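Worksheet: one structure, shown below.
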Amino acid sequence: PRNWVVGGDLGVAGGAYTLRAEAAWLDASPFTRADTFQLGLSEEFNWALGIDAFPGNSDTRITAQLTGRHLLDADNAVDFEDIVTFIGDIQKPFVMAGRPWSTKLRYSERLDERASYLNPELVFLGWEPSELYLAIHLFDGTYGTAEGFYSDYDSFVIGWRASF
């Protein structure tokens, strides 16, 4: 469905830190009705508060966000009507044996339901624009959450990616 979106954001930078706030209202977000399993439409409000940091003016980058998604008039919905999540990542480049590497850690923790995601990664950056990486994806959560579905499907990944 088509819908109207009204939103805005605000950011304040100071030294090694950037604080951010974002909000958006949508007039017609889709959801599934529990009684008929048919499409319903609800107004929705989304928000995020975040910080980006380079502590000690180093190459280490830390991003942390608290986000919310709220269906405002989704009576009798199968979908979660209110979702609040703490998400972020930490990235630290380093040099080993004269070659560039990076460690990354992505994480997500829902605060309204038990749902966790953790993704540590080791990346070799020495063949630019290619990256070789080792990663683990760990999921844990309650029934009905994506993390609950994937909790039996944790994975170890060896991969290649490139940016051109």
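All heavy atoms count here, side chains included; hydrogens, waters and symmetry mates do not. Given the structure is predicted, the values throughout are model-derived calculations rather than measurements.
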Between [atom1] of [X] and [atom2] of [Y], what distance do you get to the nearest 0.5 Å?
{"X": "T67", "Y": "L111", "atom1": "OG1", "atom2": "CG", "result": "8.5 Å"}
{"X": "F94", "Y": "W101", "atom1": "CZ", "atom2": "CH2", "result": "6.5 Å"}
{"X": "N119", "Y": "R106", "atom1": "CG", "atom2": "CZ", "result": "4.5 Å"}
{"X": "L125", "Y": "E131", "atom1": "CG", "atom2": "CD", "result": "5.0 Å"}

Results of side-chain hydrogen bond (donor to acceptor under 3.5 Å, both in side chains) for D52 - residues two or more places apart only: R20, T63
Side chain S42, main chain D73, donor-acceptor under 3.5 Å: yes
W4 backbone acceptor or donor facing D27 side chain under 3.5 Å: yes
Transitive ILVMFWY side-chain link I136 to Y107, under 4.5 Å: yes
If you look at every heavy atom in [X] and [Y], which pair is closest and at what distance?
{"X": "L39", "Y": "R33", "result": "O-NE, 4.2 Å"}
{"X": "S116", "Y": "E147", "result": "O-CG, 3.4 Å"}
{"X": "N3", "Y": "A28", "result": "ND2-O, 3.2 Å"}

Beyond-backbone contact of W47 with L66, side-chain heavy atoms, under 4.5 angstrom: yes
Flag side-chain contact, heavy atom, 4.5 Å: L49 against L19: no
Parallel, tilted or perpendicular: ring planes of Y117 versus H137, cut at 30 and 60 degrees: parallel
Listed partners of Y153 passing ring-ring contact (aromatic ring centres under 6.0 Å, His included), at least two apart: F149
Donor on one side chain, acceptor on other, D140 and S151, under 3.5 Å: no
Donor on one side chain, acceptor on other, Q91 and R61, under 3.5 Å: yes
Worked verdict on N46 versus E44 for side-chain hydrogen bond (donor to acceptor under 3.5 Å, both in side chains): CA-CA 7 Å; N46 294 298; E44 181 177 325; 2.9 Å; yes
R161 charged N/C atom sitting above Y133 aromatic ring, 6.0 Å / 45°: yes
Result block: side-chain N/O donor-acceptor pairs under 3.5 angstrom for residues 74-88, not counting sequence neighbours:
| residue | atom | partner | partner atom | Å |
| --- | --- | --- | --- | --- |
| D79 | OD1 | T32 | N | 2.7 |
| D82 | OD1 | H70 | ND1 | 2.7 |

Residues F156, I158; criterion side-chain contact (heavy atoms from CB on, under 4.5 Å); working and verdict: CA-CA 7 Å; F156 175 76; I158 299 172; 3.7 Å; yes
